[in-house]
Amino acid sequence: MKLSDLKQSGHWPTLLSAFLYFDISFMAWVSLGPLMVYIAKAMNIPVEQKLTLVAIPVLSGAILRIPMGILADTIGSKLTGTIAQVIMIVGCVYAWLFGLANPEQVAIFGALLGLGGASFSVALPQASRWYPPHLQGIVMGIAGAGNMGVVLDTLFAPTIAEHFGWQGVYAALLIPMVVILAIYVLTVKDAPGSVKRIPLSAYGKLLLDTDSRWFMFFYFITFGGFVGLASALPLYFTAHFHVTPVAAGLMVSLIVFFGSTFRPVGGAIADRIGGIKSLTVMFLVVAACYFTVSQLPEGPAPAGAAGWSLTELPAVGWLAVALFSVGTLCLGMGNGAVFQLLPQRFRNEVGVMTGLVGFAGGLGGFFLAKALATSKGMTGGFMAGFLFFGFLALLGVAGLSYVKTRWRTTWGAVSGARI
């Protein structure tokens, strides 16, 4: 496969616009994670409640993905994406100008930011419908790599908040949001035949299909792990290793960079060797990373109250960064592998299935962040939360082993692509 094939086979401006739209939407979606330390500074709430609040946009994004998918299929992805982006811009303007005074307002704002996570149900089908089966892995990987918006969040948001306050972060975020909205409106096109009314019964029918539930479970692990860690790790590093918010943001930006940028690589590898084989390896590595992280001791507290800077971080903190980096790299590649397989099995229902699978992925992110919050609240540490998701990854391996023969000898044999 050559990159020139993408230009010749489909509509590359739509692919690029879908990537940019998902990227900026993802930035807004997970923005509470690196900013929660600043937003909640005057609220005097425990770490576990902060983790719950950063999980709200993830849960909202999961819930909204199905109605967003239905709307995109009914009135078109372009119009749906434009409406969602305008609503998020209005919400960010409010946060910039008026702030968030209490946990209830943070929760409401977080629920609105869920529209950014629901953009998944718009951007990925919008790109996918322009391209043939043998390019689905790389196309869905490129469009889905918009989740690298979280890298920019964690890299720049804490520093901006230190100098201009956390509300200044949303003022800065509004600039690319408006610019990308203009690019999206001017360049994106819906694929021919993509606008059609999809009844709710179509979702119910697909939920009865065993394969759809397997895809939802696998994406619950891969995307759920990625977005859950992206949201929770800034608080994890400040609480468990006692680093400054800026240092935590820099550490998390490095970690999520791997998960974001390697999503297209995961799709390309799955195109080459098959999604089942690549997912199996990735799940095993992820499980090993989760189990190892769960055993890491709490870092030593600094002498001052500010926390460790990046250059002062104890060795155990850097070990955690390395483990999370490897884990999110495999989670990101796993996201690409899942969406290499999905269009082969559900070519004619890719919009509906993207909504269902995206819902499961967002739900997984909520449960990871919530599991860490529950673990911290009940045991005083994060071990139980990481162990839980480590075992889920092993269940993913078992699930792939269970379905692989049937998938390869039925729809896999018909699709003509490696699975």
Side-chain angles (χ1 to χ4, degrees), residues 25-68 84-121 149-150 153-154 157-158 161 165-171 173-174 177 223-224 227-236 238-239 245 248-249 252 358-378 382 385:
S25 298
F26 208 100
M27 284 181 67
W29 186 32
V30 298
S31 59
L32 286 185
L35 292 177
M36 185 52 64
V37 172
Y38 300 97
I39 294 173
K41 186 175 291 184
M43 297 181 189
N44 193 29
I45 57 177
V47 173
E48 52 267 29
Q49 188 174 355
K50 294 176 186 176
L51 284 166
T52 298
L53 288 173
V54 301
I56 287 176
V58 182
L59 178 61
S60 174
I63 294 171
L64 290 173
R65 283 182 175 189
I66 292 178
M68 281 274 281
Q85 191 75 345
V86 169
I87 293 173
M88 282 201 303
I89 287 173
V90 172
C92 289
V93 168
Y94 179 89
W96 166 40
L97 295 177
F98 302 105
L100 303 168
N102 52 58
E104 290 74 22
Q105 289 186 8
V106 176
I108 293 171
F109 180 60
L112 183 146
L113 291 179
L115 284 168
S119 66
F120 179 92
S121 296
V150 68
D153 267 341
T154 53
W166 68 263
Q167 291 169 251
V169 176
Y170 286 103
L173 181 60
L174 284 167
M177 288 181 78
F223 187 78
V227 74
L229 290 175
S231 300
L233 283 184
L235 288 170
Y236 166 79
T238 55
V252 177
F359 165 78
L363 200 62
F366 169 77
F367 272 101
L368 188 147
K370 189 61 178 175
L372 294 178
T374 302
S375 176
K376 179 66 173 176
M378 294 181 66
F382 298 96

Could you pull out every donor-acceptor pair under 3.5 Å between side chains of residues 39-61 and any protein atom, sequence neighbours left out?
unit_1	atom_1	unit_2	atom_2	d
Thr52	OG1	Glu48	O	3.0
Thr52	OG1	Lys370	NZ	3.1
Ser60	OG	Ala111	O	2.5

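Of all heavy-atom pairs between Val227 and Gly365, the closest is CG1-CA, 3.6 Å. In this structure, Val169 and Ala157 approach most closely via the heavy-atom pair CG2-O, 3.5 Å. Of all heavy-atom pairs spanning Trp29 and Arg65, the tightest one is CH2-NH2, 3.6 Å.
Under the side-chain hydrogen bond (donor to acceptor under 3.5 Å, both in side chains) criterion, Tyr170 pairs with Ser31, sequence neighbours left out. Listed by chain and number, the residues in a side-chain hydrogen bond (donor to acceptor under 3.5 Å, both in side chains) with Ser231 amount to none (sequence neighbours excluded).
Heavy atoms of other residues, nucleotides or ligands lying less than 6.0 angstrom from CZ of Phe367 number 12 at most.
Residues Trp96 and Leu174 meet the side-chain proximity criterion, which asks for heavy atoms closer than 4.5 Å. Contact of the Leu32 side chain with the Phe109 side chain is registered, since non-hydrogen atoms from C-beta on lie closer than 4.5 Å. Between Pro158 and Tyr38, the closest side-chain pair of non-hydrogen atoms falls below 4.5 Å. Between Met36 and Pro234 the shortest side-chain heavy-atom distance does not fall below 4.5 Å.
Of the candidates Leu35, Leu113, Asp153, Asp153 is the only one forming a side chain to side chain contact (heavy atoms under 4.5 Å, CB included) with Val30.
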Does Tyr236 form a side-chain contact (heavy atoms from CB on, under 4.5 Å) with Leu229? I'd like the steps, not just the answer. CA-CA 9 Å; Tyr236 166 79; Leu229 290 175; over 6 Å; no
